[in-house]
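Everything numeric here is computed off the predicted structure, so don't read it as measured data.
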Amino acid sequence: MRNLWLFLIKNYALFLFLVLEITSITLLINGNNYQRSTIINSANGVVGNWFSMVSKTEDYLSLSVVNDSLATENERLKNELKSTFYISKIDSGILTDTLTANDTVTLKQYRYITAKVINNSIIKRNNYITLNRGSLNGIKRNMGVVCSNGIVGIVKDVSPHFSTVISLLHKDIKISAQTMSTLDFGSLVWDGINPRRAQLIDIPNHVTIRKGDKVVTTAFSSIFPEGINIGVINNASIETGDNFYSIDVELSTPFEHLEYVYVIDNRMAAEQLKIEEGLRDD
């Protein structure tokens, strides 16, 4: 208590100045409308800026929750796409989707499962991705993985809670791909150089290849549905004496910014692979 009194006595001039200053400002505000409105407006501006900063901070901290919600909603919408259903009716040579056919049974062929990328590499020759979903979420080996922009890779190993994915940026991955305009098909591979470009091979040199043409998946794979975006043709050339094009494809998937992906469960994959095994035995 004694120290407090000594402190007040020692600094009484400062405290007296503050009391007089506050009293003067109060009298000025109460006695003059202009000064009162000016100070109130200034105070409102300061308070408004403060609340704006607080709001932006809260929004930033809640981005993870918002992204999770958006990814879940995208999963629901993807599972409602017509391309996820099996076409089971042929009428007068015209394919009829089971969503619109009244006399066919609706067969859900593809299911999308949302997962978050928790580890990713793009600078190695063989790149892998780790997801926070595993067998408990229905993930299995050899399932396709895509994002909102295009193809990501193929599931390699699975544990109850996690799974690893062979990235499209891997020397051993090969995707059946076709040009959108002409439907000429070949195989998409990666040469290990640029993470934004891959190569479309096995396209014969007698077909017409156009720069800027879109490249998508074919219907030949049990892993990916037909028409999944891969990228656009950036350059095409033919070496002297070669029977096939050398085609560079600008990939649509931003591998360096992957955050959420969708694992594709083809419920008819086992049936397709089983019947195709007989072809390999012949």
How far apart are the closest heavy atoms of [X] and [Y], and which atoms are they?
X: G153; Y: F224; result: O-CZ, 3.4 Å
X: A177; Y: V215; result: CB-CG1, 3.8 Å
X: A236; Y: I247; result: CB-CG1, 4.1 Å
X: Y262; Y: S148; result: CE1-OG, 4.0 Å

Q: Taking atom CD1 of I123 as the centre, report whether more than 12 heavy atoms of other residues, nucleotides or ligands fall under 6.0 Å from it.
A: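 Atom CD1 in I123 is not packed in, count stays at 12 or less.
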
Q: Mark yes when over 12 heavy atoms from residues, nucleotides or ligands other than R210 sit less than 6.0 Å from its CZ; otherwise mark no.
A: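 No, not enclosed.
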
How far does [atom1] of [X] sit from [atom2] of [Y], to the nearest 0.5 angstrom?
X: I151; Y: I154; atom1: CD1; atom2: CD1; value: 8.0 Å
X: T114; Y: K116; atom1: OG1; atom2: NZ; value: 12.5 Å
X: Q109; Y: E271; atom1: CD; atom2: CD; value: 9.0 Å
X: S237; Y: I209; atom1: OG; atom2: CD1; value: 11.5 Å
X: H206; Y: N243; atom1: NE2; atom2: CG; value: 10.5 Å
X: S187; Y: D202; atom1: OG; atom2: CG; value: 5.0 Å

(Q) Walk me through whether V263 and V155 qualify under side chain to side chain contact (heavy atoms under 4.5 Å, CB included). (A) CA-CA 8 Å; V263 184; V155 174; 4.1 Å; yes

Could you list the residues that satisfy salt bridge (charged side-chain N to carboxylate O under 4.0 Å, His left out) with [X], not counting sequence neighbours?
X: D184; result: none
X: D191; result: none
X: R196; result: E256

Q: Sequence neighbours left out, what passes ring-ring contact (aromatic ring centres under 6.0 Å, His included) with F162? Give chain and number order.
A: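 If we apply the ring-ring contact (aromatic ring centres under 6.0 Å, His included) test to F162, skipping adjacent residues, there are no hits.
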
**Q.** With sequence neighbours excluded, residues passing ring-ring contact (aromatic ring centres under 6.0 Å, His included) with F244
**A.**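 Expected list: none.
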
Q) If you look only at pairs with a residue in residues 146-160, which of them pass as a salt bridge (charged side-chain N to carboxylate O under 4.0 Å, His left out), with sequence neighbours excluded? A)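 Residue pairs passing salt bridge (charged side-chain N to carboxylate O under 4.0 Å, His left out), neighbours aside: R141-D157.
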
**Q.** side chain to side chain contact (heavy atoms under 4.5 Å, CB included) between W190 and S167, intermediate numbers included
**A.** CA-CA 10 Å; W190 186 57; S167 172; over 6 Å; no

Q.
With side chain to side chain contact (heavy atoms under 4.5 Å, CB included) as the criterion, how do M143 and D265 come out once you've worked through the C-alpha distance, each side chain's angles and the decisive distance to 0.1 Å?
A. CA-CA 6 Å; M143 283 185 172; D265 178 14; 3.4 Å; yes

**Q.** Step-by-step side chain to side chain contact (heavy atoms under 4.5 Å, CB included) determination, I118 to L131
**A.** CA-CA 6 Å; I118 58 175; L131 307 180; 6.0 Å; no

Q: Enumerate the residue pairs fulfilling side chain to side chain donor-acceptor pair (under 3.5 Å) with a member in residues 213-225, sequence neighbours excluded, ordered by first and then second residue.
A: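 Every pair satisfying side chain to side chain donor-acceptor pair (under 3.5 Å) with a residue in residues 213-225: S176-T218, S181-D213.
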
(Q) Per the side chain to side chain donor-acceptor pair (under 3.5 Å) rule, what does the pair list look like for residues 127-138, sequence neighbours excluded? (A)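 Sorted result for residues 127-138: S121-N127, Y128-H170.
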
Q: Quick one: list whatever passes side chain to side chain contact (heavy atoms under 4.5 Å, CB included) with N120, sequence neighbours left out.
A: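 N120 satisfies side chain to side chain contact (heavy atoms under 4.5 Å, CB included) with V117, I122, I129, L258 only.
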
**Q.** Which residues share a side chain to side chain contact (heavy atoms under 4.5 Å, CB included) with L136, sequence neighbours left out
**A.**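 L136: side chain to side chain contact (heavy atoms under 4.5 Å, CB included) contacts with P160, H161.
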
Got [X] and [Y] here, is their nearest side-chain heavy-atom distance under 4.5 Å?
X: K174; Y: L188; value: no
X: I264; Y: V145; value: no
X: E226; Y: V216; value: no
X: V189; Y: I173; value: no

(Q) Quick check on the hydrophobic clustering: are L200 and F185 connected, directly or via other members, by side-chain heavy-atom contacts under 4.5 Å? (A)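 Hydrophobic grouping puts L200 apart from F185.
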
Q) Under the side-chain hydrogen bond (donor to acceptor under 3.5 Å, both in side chains) test, which residues partner T253, sequence neighbours left out? A)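 Testing T253 for side-chain hydrogen bond (donor to acceptor under 3.5 Å, both in side chains), a comparison that skips the adjacent residues, returns none.
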
All N/O donor-acceptor pairs, side-chain side in residues 228-235, below 3.5 Å, sequence neighbours left out:
{"residue": "N229", "atom": "ND2", "partner": "N149", "partner atom": "O", "Å": "3.1"}
{"residue": "N229", "atom": "ND2", "partner": "S252", "partner atom": "OG", "Å": "3.3"}
{"residue": "N234", "atom": "OD1", "partner": "R197", "partner atom": "NH1", "Å": "3.3"}
{"residue": "N234", "atom": "OD1", "partner": "R197", "partner atom": "NH2", "Å": "3.3"}

Q) Counting N and O atoms only, with roles assigned by atom type, does the side chain of Y245 sit under 3.5 Å from a partner on the main chain of V207, one being a donor and the other an acceptor? A)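 Judged by distance alone, yes, a pair lies under 3.5 Å.
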
